[in-house]
Amino acid sequence: MQPQEYVGIDLHRRRSVIVRRSAEGETLAVSHVNNDDLLAFEQAVTAAGEHPEVVLEACYGWYWATDLLEELGCKVHLLIRSATTGATAE
């Protein structure tokens, strides 16, 4: 059985950064993928094994990525940046 890995995705309009980390916090891989290359996006995430925990920033255009990640069997956690940086909406 593969050890638990975690995935963090910095989602941008055209290109994203996908980071895989071990349960101990060690960075295992960093992938820069074009968002229109769904196969590369999928491969970068599924390299973390079955049903990885994925953190995705809930920013503009995150819906498609959430749908894809859920189809892949990922456990998706949405990060609301203002909740973690102390920023407030006005």
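The structure presented is a predicted model; accordingly, all values stated were derived computationally and were not measured. We use all heavy atoms of the structure for the numbers below, so side chains are in, but hydrogens, waters and symmetry mates are not.
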A.B. asks: Is there a side-chain contact between Ile9 and Leu69 (heavy atoms, below 4.5 Å)?
C.D. replies: yes
A.B. asks: Would you say Ile18 ends up clustered with Leu38 if hydrophobic residues are merged whenever their side chains have heavy atoms under 4.5 Å apart, either directly or through other cluster members?
C.D. replies: yes
A.B. asks: May I have all residue pairs that pass side chain to side chain donor-acceptor pair (under 3.5 Å) and include part of residues 62-73, sequence neighbours excluded?
C.D. replies: none
A.B. asks: Minimum heavy-atom separation for Pro52 to Gly49, with atom names?
C.D. replies: CD-O, 3.3 Å
A.B. asks: Got Cys74 and Val45 here, is their nearest side-chain heavy-atom distance under 4.5 Å?
C.D. replies: yes
A.B. asks: Treat each ILVMFWY residue as a node, draw an edge where side-chain heavy atoms are under 4.5 Å apart, and state whether Leu78 and Phe41 are in one component.
C.D. replies: yes
A.B. asks: Please give me the minimum heavy-atom distance between Ser22 and Tyr6, naming the atom from each residue.
C.D. replies: O-CD1, 4.0 Å
A.B. asks: To check you understand the geometry: which heavy-atom pair defines the closest contact between Asn35 and His12, and what is its length?
C.D. replies: ND2-O, 2.6 Å
A.B. asks: With hydrophobic residues grouped by side-chain heavy-atom distances under 4.5 Å, do Val17 and Leu72 end up in a single group?
C.D. replies: no
A.B. asks: Should Leu11 and Val55 be counted in the same cluster of Ile, Leu, Val, Met, Phe, Trp and Tyr side chains packed under 4.5 Å apart?
C.D. replies: no
A.B. asks: Tell me the side chain to side chain donor-acceptor pair (under 3.5 Å) pairs involving residues 41-59, sequence neighbours left out?
C.D. replies: Glu53-His77
A.B. asks: Under the salt bridge (charged side-chain N to carboxylate O under 4.0 Å, His left out) test, which residues partner Arg21, sequence neighbours left out?
C.D. replies: none
A.B. asks: Using the rule that Ile, Leu, Val, Met, Phe, Trp and Tyr join whenever any side-chain heavy atoms are under 4.5 Å apart, tell me whether Leu68 and Val54 fall into a single cluster.
C.D. replies: yes
